[in-house]
Structure formats: structure tokens, C-alpha cells
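Predicted model only: the values in this text are computed from it and were never measured.
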Amino acid sequence: MHVMIVDDHATNRELCRFMLSGITEKVTTFENGEGVVSAMRKMPLLPDVILLDVMMPVKDGFTTAKEIREAFSGTHMPIIFLTVLDDHVSFEKCLTVGDDFIPKPVERSVLIAKVQAHYRIVKIHNQVREQRDELSHFHEQVRYDYAIAESIFSNLMDEMGSQLNNIYGIDYKSTPSTVFNGDMIVVANRPHGGVYVMIADATGHGLPAAISAIPATRAFFSMAAKGLSLGDIVRELNDVLVRFLPMGMMLAASVFEVRANGFEVSWWGGGLPDGYLLEKDGTIVRKLVSTHMPLGVLKEHEFEAELTHYKMEPDQRIVCYTDGVVEADNGAGEQFGQWRLEEALTSGRAIIPTVFESVKNFSSRNVGDDLSILAMTFPISNSNDRITQQNNSYLSQTQSQSTIRFPASVLKSVTVMSEVRQFMTGVMSGAHLDLVCSVLSELFANAIEHGLLNMDSRIKEEPDGFFTFYQMREQKLQELSDKYWLSLSINYQPDNTKVIMTLEHNGEGFDHAKIKTGSDKSLTHGRGIVLASELCDSLEYSKQGKCVTAVYRLDSKHHFPSSD
């Protein structure tokens, strides 16, 4: 502690120095107020406490105190007056010009107590000032960071906006709970007609959630520009996020690909609340139930890119939204919920304004999450739709027949559908490639999970069932004996406009008839084979479920199941 003593009597100065010697490291003395401010300006370290005599020749204590206050207005230095004056007016002036006073003759206990008390205040004041300066610097940095981030997101939104200028049938709204939005809705033209659409919800809120959406947005636009299939897009999105996001962060999403005719839709859903397929009057035709894990959770060999396909009718709509809609809270612990949402959707009024108004009225603006909703009214078109659908697909004119064998050692080390899709790209592309791979993906999944690994899909119905199921699947696959195998035969017949696919394995058979009928529509498993059957001209199991043959027609105009 540094104490400065200003007193015209040397005895008083030395007495105070002696009494404070046990608690101070440095004492500076002056015999009057003349030149004190000048001397203080040259000090490497200003005093922590000033003891100032009131009655002094040349320049008295009150005048000196005022000069010190003016010269060092930004520094807190308590001034304690030493005075022989004992009237109330003098005491009041001591407290007005300075911080305290000690009557003369000075008592040691009073001097030490008051100096220590004011020194504690000085330390607290300095700590508060340092914290204030740090906080001010932090706020400046945050404002700068937010300005940069806002510029980046503005550019992203401008890019999407330029795409939406030429797209018809898509409406959306997104409101952030903070400055930035953890939700995103992005739309891009398909180069050969049609559009790609994604609605997603990143883990958390604010800037961290918004930043985690950047790589997905960039990857989405990049792959959309190349006209890749939806399956390839979601695989790449997942791979990008697995590499980029830290543990515990993910992106729940629904991703759509609408073909050039504006009615045929492929959908991948992972982690978002149930979407809806609606008639024009708002009647709910069916729910879109996400059956996949969110993007950024599963490694490449664990990820599932199986798609669901619909053939929409004029004026039918697909509505998707993020969990901030149904989880909006009214302040009493009650959430907006699914039934209120369905009531708003089926009201017959404009979907997006109605839903947002209902949420706002329910929550009394006590919304703690990002809110986003997407509505697609069919047909959907873009400026490239004059290019014919025929230009969107490639079909080889050469008949071919091939067999691919997958022993257990290969199944453990590769992503089967990536290998199969790579093989099939030499034969076809576009919509046919997507649909054939969707069929094969379901057939492979059933052959591996039920035939080779003997797994029970009912596990998926339990809480966290999907995660548990695929953990067990990976473990069982790695333990699979080398005696097991899968074999895929492809008989491509362009003259007969069909592809015959035969998948066989040497594992256990299973009740394929029960799976194929898919009698229980409420279950989240067992529906893949039903979808594969609808996409194919025929699909038949044999050899007690160990072999399945699927015939896919290349000339059919009705590859997509109806929405009703």
C-alpha cells in the first residue's frame, strides 16, 4: 500500500509515517499543497490513500484536494483530511471535498482503521474497474464477431434468395430466438428441373447453432449445383458434419428432392418432428415420420440414406417445421403441442401465418426456441423446368448381367450401398438410379439385419431404440463369422425395359411374408419392404427368405406410390 501524507508540520508527518509503518510499503510526504499535483504526475505509482492536512500555508488542504480530484478524475484515491477544526460545517466540507476526516491529535487505532478501510475500497474499486474494462473489451469483440457472422449469414440468405426468385410453390418463415438462428431453410434449383429443399434445426441456440449450420448450407448448395441425387446429398451432408461438428452437436433435418414434373418427391428425414402431407382444404393425408438419426451423428458406415417417395396431386401440400413450434411454452409449463398445431393446419386458412399467430397467442411471446415452418404446395416448378425429364436420366443401351459377392470380411469394412451405387452408375443415372438404389438398400438392410445378424426390429420401438438398434447392428456385424456372405445379381435388359435384381445370403431365413404385408402401420420398422414392393413391378422371396428377386420396370410412369 502506498500512502501520501501532506502536512505542514514535520512532527505530524513523521508520527503518521511511524503509526502506518506496519501496514504500508511506501509513504510519500509533502509539507504543503504547492507542487503536489505536479509531483504526483511524475510518480510511477499513484498513492492508494492520501492523508491531507486542512490548515496549511501557501495552499490549504481543501484547495489541494480539489486540484488532485481534477487532475486524476479517472482514478479513485480516497482523501482523508487531518483537521483540528471541530465544527459541523468543516466536517461537512471534509466529506464533500474528500472521503473522510480524522480529528487532531491523531489516534493510532483510528488512523490505521480508516486507512485500511479505504484501502479495501480502493482494491474493490480497482477490481471492478478491471472487470468493467475486460467486459467492455469483450462486448466490443462480441459486437465485431457478430457483425462478421451476420455478414456471412446475410450472404448465405442472399444466395438462397436468388434461388427462390425462380421457384414457385414454396413458402417458409423462420424467426430466431436470439440474433442468430439455429434453424435453416434452404432451397436450390435442380440443374435439370425441379428443386432441392432442406429444413434443419441445429443443436442449441444462437451463434454456435448458426455456425454449425454453415458447412451443411455450403455443402447443400455445392451438391445441388451438380445435380446429385438426394441419397448422395444426405450422405455428403452427414460426412461433412461428422468431420466438422464437436461431440454432442448435430443437425436434425428433412431434405426433399422434387423432380422436374413438380409432383414426384423423394424425402429423407432425420430427427425433426412429424411433418404432414395435406389436402388443399387442410385435411391430413398422412404424417411424415422421421426414422433416421440426425445428420452429424453416425459415421459413414453407420449412416442410412434410405429415402421415402411420394407422387403428389395438384394443390396437395407438405408441411414441415422445427421443434420450436410444438415446444413453445405458455409460461405455465404447458407446450403448444401437436394437437394445437394440427388444429391450425386444418383450419383452412393460410398455413404459415395461422401457425405463427397461434404459437404467438399461446406463448404470449414467451418463445425460447427458434421457430421455422416450411410449406410446399404442388406442383413445384423452377425456371429450368422447360428442360425435359428425358434429359435428366441416362440409361445404357447395352444388355448386361453381373454378380457382386460380399463375403463377411467385406461387409465389415465397406459401405455396401456406396459400392452398389457406384456399380449401378455405369448402367443408369437420375431418377431410375435413385429408385433402384432405394429398393436395393431395403433388400440389403433386411438381408443383413434379419438374415445374417438375426436382429429384432422391434427394438426400434423402444426409447432411443434406433440408436440402440444400430449400435447392436455394428457390434454384431463386426462379430459376424467369415462363413457368411451376400450375393447380388443384376440382369439389365434395356430391350425389355427392366432390371432384374436377385439378392441371396446364406444366413437364417425369416418370415418375409409378415414383413412384406406390413400389417401394423403404426410401427416405425418393417415398412421398407412395402415401399420396395410398390416401387417394383414384382418382388418375391424364396428359399425360406434367403433369396429375393425384384423386377424394376424402366418404362413405368408410376414408380412413386400415391400420397393417398
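For the pair Thr24 (side chain) and Leu20 (backbone), a donor-acceptor distance under 3.5 Å is present. For Arg286 (side chain) and Leu277 (main-chain N/O), no donor-acceptor pair under 3.5 Å exists by modelled atom type. In this structure a side-chain-to-backbone donor-acceptor pair under 3.5 Å is present from Tyr196 to Leu228. For Glu257 (side chain) and Leu230 (main-chain N/O), a donor-acceptor pair under 3.5 Å exists by modelled atom type. Without hydrogens or angle criteria, Asp48 side chain to His2 main chain gives a donor-acceptor distance under 3.5 Å. A donor-acceptor pair is defined here as one N or O able to donate and one able to accept, closer than 3.5 Å; such a pair exists between the side chain of Thr203 and the backbone of Met250. Judged by distance alone, with hydrogens and angles left aside, the side-chain atoms of Asn361 form a donor-acceptor pair with the main-chain N or O of Glu357 at under 3.5 Å. A distance-only check finds a donor-acceptor pair linking the side chain of His292 to the backbone of Glu306 [under 3.5 Å]. With hydrogens and angles disregarded, no donor-acceptor distance shorter than 3.5 Å links the side chain of Ser136 to the backbone of Arg132. The main-chain N or O of Val359 is found under 3.5 Å from a side-chain atom of Ser363 such that the two form a donor-acceptor pair.
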Audit row: Leu46, Thr75, side-chain contact (heavy atoms from CB on, under 4.5 Å) steps and yes/no:
CA-CA 9 Å; Leu46 289 172; Thr75 304; 4.3 Å; yes
Quick one: do Leu237 and Met223 satisfy side-chain contact (heavy atoms from CB on, under 4.5 Å)? Show the steps, please.
CA-CA 9 Å; Leu237 286 172; Met223 291 180 290; 4.0 Å; yes
Determine, step by step, whether Tyr276 and Leu341 satisfy the side-chain contact (heavy atoms from CB on, under 4.5 Å) criterion, reporting the C-alpha distance in whole Å, the side-chain angles of both residues, the deciding distance to 0.1 Å, and the verdict.
CA-CA 11 Å; Tyr276 293 91; Leu341 173 63; 4.0 Å; yes
Steps toward side-chain contact (heavy atoms from CB on, under 4.5 Å) verdict (Arg13, Val27):
CA-CA 10 Å; Arg13 296 196 298 271; Val27 176; over 6 Å; no
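When side chains are defined from C-beta on, Glu304 does not count as touching Ser441, because their heavy atoms never get closer than 4.5 Å. Looking at heavy atoms from C-beta onward, Ile380 lies in side-chain contact with Ile170 at the 4.5 angstrom threshold. Side-chain contact check for Leu480 versus Lys412: some heavy-atom pair is nearer than 4.5 Å. Counting heavy atoms from C-beta on, the side chains of Phe91 and Asp86 come closer than 4.5 Å. Within the 4.5 Å cutoff, side-chain heavy atoms of Arg235 are placed close to those of Asp232. Counting only heavy atoms from C-beta outward, the side chains of Leu52 and Leu82 never approach each other to under 4.5 Å. Side-chain atoms of Val54 and Cys94, non-hydrogen and from C-beta on, do get closer than 4.5 Å to each other. Side-chain contact between Gln131 and Leu135 is absent, with no heavy atoms from C-beta onward closer than 4.5 Å.
The neighbour count for Met55 CE, taken as heavy atoms of other residues, nucleotides or ligands under 6.0 Å away, does not exceed 12. In this structure, Gln338 places its CD atom where more than 12 heavy-atom neighbours from other residues, nucleotides or ligands lie under 6.0 Å away. Environment of CD in Glu236: crowded, with over 12 heavy atoms of neighbouring residues, nucleotides or ligands closer than 6.0 Å. Remark: Phe18 CZ is loosely packed, at most 12 non-hydrogen atoms of other residues, nucleotides or ligands lying under 6.0 Å away. Atom CZ of Arg69 has more than 12 neighbouring heavy atoms from other residues, nucleotides or ligands inside a 6.0 Å radius. For Glu107, the CD atom counts as loosely surrounded, since its 6.0 Å shell holds 12 or fewer non-hydrogen atoms of other residues, nucleotides or ligands. No more than 12 heavy-atom neighbours from other residues, nucleotides or ligands sit within 6.0 angstrom of NZ on Lys66.
Defined by atom type and a distance below 3.5 Å, a donor-acceptor pair is present between the side-chain atoms of Gln478 and Glu474. Donor-acceptor pairing under 3.5 Å is lacking for the side chains of His118 and Asp99. Using modelled atom types and a 3.5 Å distance limit, the side chains of Ser372 and Asp183 yield a donor-acceptor pair.
We find that Arg340 and Glu334 are joined by a salt bridge, their nearest charged nitrogen and carboxylate oxygen being less than 4.0 Å apart. Between Glu14 and Arg17 there is a salt bridge, since at least one side-chain N of the basic residue sits less than 4.0 Å from a carboxylate O of the acidic one. Checked for salt-bridge contact, Asp7 and Lys104 meet the test: a charged N lies under 4.0 Å from a carboxylate O.
Between Leu453 and Lys476 the shortest heavy-atom distance is O-NZ, 3.4 Å. Counting all heavy atoms, side chain and backbone alike, Phe244 lies closest to Pro215 at CD2-CG, 3.4 Å. Among all heavy-atom pairs drawn from Ala71 and Val37, the shortest one is CB-CG1, 3.7 Å. In terms of heavy-atom proximity, Gly269 sits nearest to Ser254 at CA-OG, 4.1 Å. Across every non-hydrogen atom of Ala65 and Phe81, the tightest pair is CB-CZ, 3.7 Å. In plain terms, the two heavy atoms of Ala219 and Val240 that are nearest each other are CB-CG2, 4.2 Å.
The structure places OG1 of Thr64 at 9.0 Å from CD1 of Ile79, a figure rounded to the nearest 0.5 Å.
Figure legend: cation-pi geometry between Lys114 and Phe101, with NZ or CZ positioned under 6.0 Å from the six-membered ring centre and within 45° of its axis.
Classification of the Phe336-Phe362 ring pair by plane angle, with boundaries at 30° and 60°, yields perpendicular.
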